[in-house]
Every structure is written in C-alpha cells, then in structure tokens.
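Take a look at the structure set out below.
In this text, all values refer to a predicted model and were calculated from it rather than measured experimentally. Atoms considered below: every heavy atom in the structure, side chains included; atoms not considered: hydrogens, waters and symmetry mates. Along the sequence shown, residues carry numbers from 1.
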Amino acid sequence: MFELTEDNAGQYLAGRGMTGAWRSRSLGGGVSNTVVLAVSGERRWVLKQALGRLRVEEEWLADRARIWRECESLRRLARVLPAGAVPAVVFEDRDEYIFAMEAGPEASVDWKTRLLAGEMDPAVADRVGFLLRRMIEATWHAPDWFDAFGDQTCFDQLRLDPYYRFT
C-alpha cells in the first residue's frame, strides 16, 4: 500500500498524469488521515488518504473505505449549498484510499484558528449557521441521504471506540 507524504505527493500526482512543478506540505494535525496540500501553478489541491491504523499509541483501527463517504458527501452537499461552500472533489484513487479536493485560496485561515486567536466575526458565525441550516434542511428525513450515510460504523470506529470505550 502506497503511503502518501508531503515528500512524495508530487511524484504521486505525476504518476497519475498530473504533470507540473508540484510543491507540497503536510497539513497535519489529524490522527485518522494523511492530509497534504499540493500546489502547481493555479492548481491548489488537498490530498487526503485514510489510514487504517490511527496515529496513536494504542492500536485503533478504522475502515479506510470511510473516505469514499466523505467524497460522496462533498459531491451531494455541493448540489444543495451555494457555489463554493464545499470544495470540489478533483479525483479519487480507490486503490490507495486517496482523494483530492480543491483547496482554498493561499491567504485563507480556517475559522477554528481565527477563534483560537480571539477573532470573533459575527458575519462568519451567521454564514456557518446558514450553511448548517441548509445541510439539515436538505438531509433531515431524506431517504437517499440515509441510505448513503446512515451506517454508523465509521462513527463508532473513529469516535466511540477510541475515546469513550477505551477511556
């Protein structure tokens, strides 16, 4: 199994026919995925690879196929939210459990970082609330969404087992 890193992301993309002078860096922070920002010219992509074993001391395992649900949720949400509200999926590599999505502009700062820095913008909170409301309206009691995302196995593996049951 190929293991994505910031050092091999450009080579990985070139091997998929996506030529260019790729620069990449780890976005880090997570324990269940490898996340790398790859940039070449105007292309800014986030590559995400699901890990089967979480990056923790204990042996916590999770089904890598969970990443395809994330891809599908991005695609479906793009149809019910305003343009640009979710990143577009660029490609999926089902053999390696990797997908690429568009990355935000270079100067972007995520809301969590802003909040932790003490920056509180009511307009951002209002926008987040609006998007959350739209997601709930589109999915609440919707059989097609339940069929696609109703299985709670991934939630159990990533949230209940490693945190509540282990602790």
All N/O donor-acceptor pairs, side-chain side in residues 138-149, below 3.5 Å, sequence neighbours left out:
from, atom 1, to, atom 2, distance (Å)
T139, OG1, M135, O, 2.7

Results of side chain to side chain donor-acceptor pair (under 3.5 Å) for D63 - residues two or more places apart only: none
Derivation and outcome, side-chain contact (heavy atoms from CB on, under 4.5 Å), residues M1 and D95: CA-CA 8 Å; M1 174 72 53; D95 293 332; over 6 Å; no
Pairwise distance CZ(R94) to CD1(I67) - rounded to 0.5 angstrom: 10.0 Å
Backbone of F2 reached by a side-chain donor or acceptor of N8 within 3.5 Å: no
Short side-chain to backbone donor-acceptor contact, Q152 and G150, under 3.5 Å: yes
Contact list for residues 79-91, test salt bridge (Lys or Arg N to Asp or Glu O under 4.0 Å), sequence neighbours left out: none
Pairing residues for R64 by the side chain to side chain donor-acceptor pair (under 3.5 Å) criterion, not counting sequence neighbours: none
Steps toward side-chain contact (heavy atoms from CB on, under 4.5 Å) verdict (L51, T34): CA-CA 7 Å; L51 300 174; T34 297; 3.7 Å; yes
All pairs passing ring pair (Phe, Tyr, Trp, His ring centres under 6.0 Å) where residues 106-125 contributes a residue, at least two apart: none
Of all pairs that satisfy salt bridge (Lys or Arg N to Asp or Glu O under 4.0 Å), the ones with a partner from residues 38-51, not counting sequence neighbours: K48-E70
Whether over 12 other heavy atoms sit under 6.0 Å from E72 CD: yes
Listed partners of A78 passing side-chain contact (heavy atoms from CB on, under 4.5 Å), at least two apart: V86
Donor-acceptor contact below 3.5 Å, side chain R69 vs main chain D151: yes
Nearest atoms (heavy-atom pairs only) where F91 meets W45: CE2-CZ3, 4.1 Å
Closest non-hydrogen atom pair between L61 and Q157, with its separation: O-CB, 4.0 Å
Donor-acceptor side-chain pairing of T5 and D7 below 3.5 angstrom: no
Closest non-hydrogen atom pair, V35 against V46: CG1-CG1, 3.5 Å
By salt bridge (charged side-chain N to carboxylate O under 4.0 Å, His left out) - contacts of R75 (at least two apart): E92
Expected list for residues 100-110: side-chain donor-acceptor pairs under 3.5 angstrom, two or more places apart:
from, atom 1, to, atom 2, distance (Å)
S108, OG, P105, O, 2.8
D110, OD1, K112, N, 3.2
D110, OD1, T113, N, 2.9
D110, OD1, T113, OG1, 3.0
D110, OD2, T113, OG1, 2.9

Linked, directly or transitively: L74 and L131 (ILVMFWY side chains, under 4.5 Å): yes
Same cluster (ILVMFWY, side-chain, under 4.5 Å), V90 and Y97: no
Sequence neighbours excluded, every pair satisfying salt bridge (Lys or Arg N to Asp or Glu O under 4.0 Å) that has a member inside residues 121-133: R133-E137
Hphob cluster co-occupancy, V124 + F130, side-chain heavy atoms under 4.5 angstrom: no
Pairwise side-chain contact, V36 with L27, heavy-atom cut-off 4.5 Å (strictly under): no
Which atom of A50 lies closest to which atom of N33, heavy atoms considered: CA-OD1, 3.3 Å
OG on S32 to CZ on R55, rounded to 0.5 Å: 8.0 Å
Without placing hydrogens or testing angles, list every side-chain donor-acceptor pair under 3.5 Å for residues 12-26, not counting sequence neighbours.
from, atom 1, to, atom 2, distance (Å)
Y12, OH, D93, OD2, 2.7
W22, NE1, M18, O, 2.7
S24, OG, E6, O, 2.4
S26, OG, G28, N, 3.1

Residues that M120 engages under side-chain contact (heavy atoms from CB on, under 4.5 Å), provided they are two or more places apart: L115
